[in-house]
Asker: 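Provided herewith is a single structure, encoded as structure tokens, for subsequent inquiry.
In this text the structure is predicted, and so the values were computed from the model without any measurement. By convention in this document, chain letters (A, B, ...) are assigned in the order of the sequence lines, proteins followed by strands, and residues within each chain are numbered from 1.
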Amino acid sequence: MNVEELSGLPPGARSHFEEQGIEELYPPQAEAVKAGATEGENLVAAVPTASGKTMIAALSMLSAVQRGGKALYIVPLRALASEKKAEFDAYEEFGVTTGVATGNYESTSEWLATKDIIVATSEKVDSLVRNGADWLSDLTCVVSDEVHLIDDRNRGPTLEVTLAKLRRLNPQLQVVALSATVGNADELADWLDADLVDTDWRPIDLQMGVHYGNALNFDDGETREVPVEAGEKQEAALVRDILEEGGSSLVFVNSRRNAEAAARRLGQVSSRELTAGEQSDLAELAAEIREDSDTETSQDLADCVERGSAFHHAGLSSTQRSLVEDAFRDRLLKVISATPTLAAGVNTPARRVIVRDWRRFDPSAGGMAPLDVLEIHQMMGRAGRPGLDPYGEAVLLAKNHDESQELFDRYVWAEPEPVRSKLAAEPALRTHVLATIASGFARTRAGLLEFLEATLYASQSSEGGRLERVTDDVLSYLERNDFIERSGGPEDTLNSEADAASAFTSAADLADSGSGGGDSGGTTGQEEDLEATSLGHTVSRLYLDPMSAAEIVHGLEDADERPTALGLYQLVSRTPDMYELYLRSGEDETFGELYYERERELLGDAPSEFEEERFEDWLAALKTGKLLEDWASEDDEEQITERYKIGPGDLRGKVDTAEWLLGAAESLASEIDTEWAVAVREARARVEHGVSEELLELVSVSGIGRKRARRLYAAGIEEPAALRSADKGVILHVLKGEKTAENILENAGREDPSMDSVEPIPVEGGSGLSGASNSSSGELSTTENDTNTDADADDNQSSLGDF
DNA sequence: GCAGAAACGTTCTAGACAGCATGTC
DNA sequence: CTAGAACGTTTCTGC
């Protein structure tokens, strides 16, 4: 099928695709069109990575927009949201606009309402539903990318519930689900009432094989000699082999440390083939990496990059990650060794993919557990760059013949696992049951169960009572913690229906009519009204796990005196929303001591030391809390990453999460009417900017971060007002660059921020630095010196006191 | 007896969504 | 139950 045969697209869309060199549709795309993708029909497309899934999505969305509708594209990662947005921006050429909504970056709601296509993470969509964004009811088409992630224990249920809610909000909604090839695409299609396109077709041939000894054996029976030199690792031989042909490679390993070690070793291979131009480009890239963060991880990465190799894992900052990804796509970097992050993230294809480790540490399995077929296939699917490589190769490594055979059986010839809903797990239901009640999708137990019936879980589950049992457990948990209230019997339903306030009247109606007909058949037998309390509404809107909210609420209620920063940091660190920081051996003692020193600061009751597991969690949270306190005490990034043995990306992640949770804690504090809201706000601001209390004011001026604030403070400039009055020479000296100094002064509201002909004035040692005492820069510095001298006199005293 | 090498033992292990307000891909 | 790298500690070896 040719592009020009397509109908129903916005005018200009076809020529746009033709300009891009797309003339003929790939077979799966043509199949999708035949199945009605451009006519609003539901569709599940289970096709390999990089075989034109995005085009299927684009055709569906564009035709929906042409019919006067609005489309939503759901992605699993923030990084993918910006990638897709950049791709869809090209449609602006023919008048189709795109907006993004993620936690980091959101266009305002009204503005989103004017966009034709919206790209968002599944959590953000869920949150938008909870907060009743009105443009959601205008949606006519929703695309769910990587829908197989429904299988994910943590985040799958969100996607599942969100899709169910969107469909309930608008029963006419077209659903296009894009999935990797999975074992049960037909089940997904059944669930979504969709047609199925299920194929292994790829635009570039993918050869899968196993390397063992000196030979690389492919699934089609072909063999290639890849000798391993003495003292050389298998993966090094494979990288060298393909590099001699000008191809790049991707090596997947199972831990960060392995990724770093492999990158270091592979640097010896990649450095051999670099041209002078590449070397200087790489040196530039290395400099950028060092500039982004001054930590050991960054140093190591930069050292590798100079030799044309890199590692990639979640310990890198997001800037570093995209630097590495871009350089690899530009063929500047020859090899990346990565943890599985890369397989799920943005598109980084390579000629050859080497899956070195196929087992990974898994505490729940009590040791090393083999990876899922689906996961391995996702990695292998990164092989073959469209338009660049004649074919892609995906290679597993075996040490002996038996292992080689096992790898063929287990991965090369194996079908991927089926996708199984994880919704019935209690943590998932805790959140979603509350949200479902709070946003009015269900008002009774039966209504709730009826809503849950529309999920994939229900369509898969043969074990009837399970969901109901867990739901009941969750309901009583929510009730115990004052997130919901149950009242009355069936006769109350009418009343509550009348005065129920909800953005989703239609959904509520549906739910209630469902509950009327549905026979609960549960243990209670009688109908009760479920309603979220004010606290419950807040928790749902804040997107908190109810258990996190309960922990925070109890912690704040238990505080008899003003909580310290450490107390609050430990509190949010022990909620399930904070990713756990591992307690290393020996650290239980270190933090045990810290615990006895600062026990009084911690909020709530510590578990007894005899409950080993819970006490350890408590200490692990203390460790995270201490990390946040260190950060908020202006310790260097380098010191912290070193002290806690983490990467810059981990630190930023922790800080980010803490910021979010403390923001939520602030809302909870006003909800439960405690007097500690101010303490929470301050702790949050300190974490946000990474500064001590005394710098909070300075740091509120945009352009001033923790470092500049500290230097200004040391020079006697303690608050924004002082920026307006202090000697420009001093400011220039402290802030270094003229441009930054001007910007900052402007942001601080100084009337004449110009730094023209201002000479920097060194400040000695942190004392003797009163701005008024400098006369060399003449009239400019003395314009407002009444307030100036005052402030500076104070500055001197307090900064002297500090030293 | 001692330095340095080899053997042995221990430790550790992937991933990253969200609020809100502000200003930007 | 199924690993493997890095580092620390002990033991071995050759002088």
Asker: Taking salt bridge (charged side-chain N to carboxylate O under 4.0 Å, His left out) as the test, write out the residues that go with A:Asp152, two or more places apart.
Answerer: none
Asker: Just jot down the salt bridge (charged side-chain N to carboxylate O under 4.0 Å, His left out) partners of A:Arg360, sequence neighbours excluded, or say none.
Answerer: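 Per chain and number, A:Arg360 pairs via salt bridge (charged side-chain N to carboxylate O under 4.0 Å, His left out) with A:Glu375.
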Asker: A:Arg78 CZ to B:dG19 C1': how many Å, rounded?
Answerer: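 Whole-Å distance recorded here is 12 Å.
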Asker: When you measure from the centre of the six-membered ring of A:Trp631, is the NZ or CZ of A:Arg706 closer than 6.0 Å and no more than 45° off the axis?
Answerer: yes
Asker: Summarise how protein sits on nucleotides 20-25 of chain B as a single string, 5' to 3': B when a protein heavy atom is under 4.0 Å from the base, S for sugar-phosphate-only contact, - for no contact.
Answerer: BBBBBB
Asker: Residues in side chain to side chain donor-acceptor pair (under 3.5 Å) with A:Ser255, at least two apart?
Answerer: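 By the side chain to side chain donor-acceptor pair (under 3.5 Å) rule, A:Ser255 matches A:Asn258.
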Asker: Using heavy atoms and a sub-4.0 Å distance, could you list which residues of residues 355-362 of chain A are near DNA chain B? By number, please.
Answerer: A:Arg360, A:Phe361
Asker: Just to be sure I understand the rule, does A:Ala365 reach a base, reach only the sugar-phosphate, or reach nothing, if contact means heavy atoms closer than 4.0 Å?
Answerer: base
Asker: Can you list the residues that meet the ring-ring contact (aromatic ring centres under 6.0 Å, His included) rule with A:His313, with sequence neighbours excluded?
Answerer: A:Phe311
Asker: With sugar-phosphate meaning primed atoms plus P, OP1 and OP2, does A:Leu661 contact a base, only sugar-phosphate, or nothing at under 4.0 Å between heavy atoms?
Answerer: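 Nothing, no nucleic acid heavy atom in range.
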Asker: Could you run down the sub-3.5 Å N/O contacts of the protein with nucleotides 7-9 of chain B?
Answerer:
none

Asker: Partner lookup for B:dC17, please. Criteria are Watson-Crick or G-U wobble with both distances under 3.5 angstrom; report none if nothing qualifies.
Answerer: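 Partner of B:dC17: none.
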Asker: Under 3.5 Å for both donor-acceptor distances, Watson-Crick or wobble: does B:dT22 have a partner, and if so which one?
Answerer: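 Matched B:dT22 with nothing under the 3.5 Å cut-off.
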Asker: Dot-bracket, DNA chain C: Watson-Crick or G-U, under 3.5 angstrom, [ ] crossing, | other strand?
Answerer: ..|||||||||||||
Asker: Residues two or more places apart in sequence or in another chain: which of them pass side chain to side chain donor-acceptor pair (under 3.5 Å) with A:Arg256?
Answerer: A:Asp650
Asker: Could you say whether the aromatic ring of A:Trp660 and the base of B:dA18 stack, counting only centre distances under 5.5 Å and plane angles under 30°?
Answerer: yes
Asker: Could you state the atom-to-atom distance from CE of A:Met578 to P of B:dG15 in whole Å?
Answerer: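 Interatomic distance, CE of A:Met578 to P of B:dG15: 17 Å.
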Asker: Heavy-atom contacts under 4.0 Å between residues 252-266 of chain A and DNA chain C, which residues?
Answerer: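 Under 4.0 Å from DNA chain C: A:Arg257, A:Asn258, A:Ala261, A:Arg264.
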Asker: With sequence neighbours excluded, tell me which residues meet side-chain contact (heavy atoms from CB on, under 4.5 Å) with A:Pro76.
Answerer: A:Leu80, A:Glu146, A:Leu149
Asker: Please identify the 5'-most and 3'-most nucleotides of DNA chain C with any atom under 4.0 angstrom from a heavy atom of chain A.
Answerer: C:dC1 to C:dA6
Asker: Base, sugar-phosphate, or nothing for A:Lys233, non-hydrogen atoms under 4.0 angstrom?
Answerer: sugar-phosphate
